[in-house]
Number of protein chains: 2
Amino acid sequence: MMITSVSINDSSIRRSAEIAKALGHPARIAILKILAERTTCFCGDITEILPLAQSTVSQHLKALKSAGLITGEVEGVRTCYCLNPDGIKELQSLLSELSNELVQTCC
Amino acid sequence: MMITSVSINDSSIRRSAEIAKALGHPARIAILKILAERTTCFCGDITEILPLAQSTVSQHLKALKSAGLITGEVEGVRTCYCLNPDGIKELQSLLSELSNELVQTCC
DNA sequence: TATATTTATCGTAAGTTAACGATATATATT
DNA sequence: AATATATATCGTTAACTTACGATAAATATA
C-alpha cells in the first residue's frame, strides 16, 4: 500500500469535498437527475416538479453551477440548464478514485 | 431512456445526499483516507495529522460514523475507528449508480 | 408602448455546521 | 488510591445553509 501524506489542503481532496457538498442535498441530486432525463431544462420546469419555491430552486441551481456540475445558458427570458459533461466526468473520476482508495480491511 | 419520476423524498436520493454530505468537508475526506492507509486508527492519531483540535476531529468522526461510513470500537481508554466496509460499499454503489444516471447530452 | 413571463437576486428567519477551549468520564498506570 | 491519558461532550461563537416571499431585470407578446 502506498503511503501518502494526507492533507486537508490537498487540492484533489478539496475539490472532491466541493463536489460532494454540491451533492449533499436531496434537492440538488433530484435536479441533476431531472436534467439527465429531459432535453428541455428551464428553472420553471424544475420548480413544477419539486415541492420548492422558484427562488429556492434557483438557489440550488446556482450551487450546482458554481460547483461546475451544470451549465446555464440564457435563452431569451429563460435559462436553459444542462448537465456539464466536464463536471460530471470530474465527479465520476474523483469519486471513483476516492472509492478505490477506501478499499481496505481495518484494525 | 427510462422516465422515472424524480422526488426529493426518494429514499435512494436521500441516502445518496446523506453520504455526499458526509463527504462534503475536506477534513472528513482526509480522515477517510487516513483510515484507509493505517491499521491503527485512534482519534489521537488523526489529531496529530490534521491541523484541527481534538474536539473538532471527534466531531468529524461522529459525523462520519452517523453517516455509516466508519465504525468506532472502544478499546480501553481509546476508540479505534475503522472504515465501515458496508458503508463504503454503499457509497460506491449509490454514487456510481448516480454517475451512470447522469450520462447524457443535453439541450 | 403596455403587459405578461421568466428568472436572478434581495432581505429575512430559522436551523445547521464548524471551530475552539474546557470539562467530564472512563480506563490505565504508578 | 492517586495520577495520567484518551476521547466524548458541553458551551460558545461565527459563519453558512435552506427556505420563503417580494422585487428587479430582461425579454417576449399583445
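Look at CZ on A:Arg14: it is 15 Å from C1' on C:dA18, rounded to the nearest Å. Taking atom CZ of A:Arg78 as the reference point, atom P of D:dA28 lies 10 Å away to the nearest angstrom. Across the protein-nucleic acid pair, B:Lys62 atom NZ and D:dT7 atom C1' stand 12 Å apart, rounded to whole Å. Atoms CD1 (A:Ile70) and C1' (C:dA8) sit 13 Å apart, rounded to a whole Å. Taking atom NZ of A:Lys65 as the reference point, atom C1' of C:dA8 lies 10 Å away to the nearest angstrom. Rounded to an integer number of Å, the gap from CG of B:Leu64 to P of C:dA18 is 10 Å. Distance, A:Glu48 CD to C:dT5 C1': 13 Å, rounded to whole Å. Computed from coordinates, the A:Ile46 CD1 to C:dA8 C1' distance equals 14 Å when rounded to whole Å.
The side-chain hydrogen bond (donor to acceptor under 3.5 Å, both in side chains) test applied to A:Arg14 returns no partner, not counting sequence neighbours.
The pair B:Glu18-B:Lys21 fails the salt-bridge criterion, with no side-chain N (NZ, NE, NH1 or NH2) lying under 4.0 Å from an Asp/Glu carboxylate O.
With respect to A:Ile29, the side-chain contact (heavy atoms from CB on, under 4.5 Å) criterion is satisfied by exactly one of B:Asp10, B:Ile13, B:Ile8: B:Ile13.
In this structure the side chain of B:Glu73 never reaches within 4.5 angstrom of the side chain of B:Tyr81, judged on heavy atoms. Between A:Gln54 and A:Cys43 the shortest side-chain heavy-atom distance falls below 4.5 Å. For the pair A:Leu23/A:Leu32, a side-chain contact is recorded, criterion being any heavy-atom separation below 4.5 Å from C-beta on.
An OP1 or OP2 oxygen of D:dA8 is reached within less than 4.0 angstrom by a side-chain nitrogen or oxygen of B:Tyr81. Put simply, A:Ser58 has no side-chain N or O that comes within less than 4.0 Å of OP1 or OP2 on C:dT9.
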If you restrict it to nitrogen or oxygen atoms, what contacts under 3.5 Å exist between nucleotides 17-20 of chain D and the protein, and what is each distance?
| unit_1 | atom_1 | unit_2 | atom_2 | d |
| --- | --- | --- | --- | --- |
| D:dT17 | OP1 | A:Lys21 | NZ | 2.7 |
| D:dT18 | OP1 | A:Arg28 | NH2 | 3.4 |
| D:dT18 | OP2 | A:Arg28 | NH1 | 3.0 |
| D:dA19 | OP1 | A:His25 | NE2 | 3.3 |
| D:dA19 | OP2 | A:His60 | NE2 | 2.5 |
| D:dA19 | N7 | A:Gln59 | NE2 | 3.3 |
| D:dC20 | OP2 | A:Ala53 | N | 2.9 |
| D:dC20 | OP2 | A:Thr56 | OG1 | 2.8 |

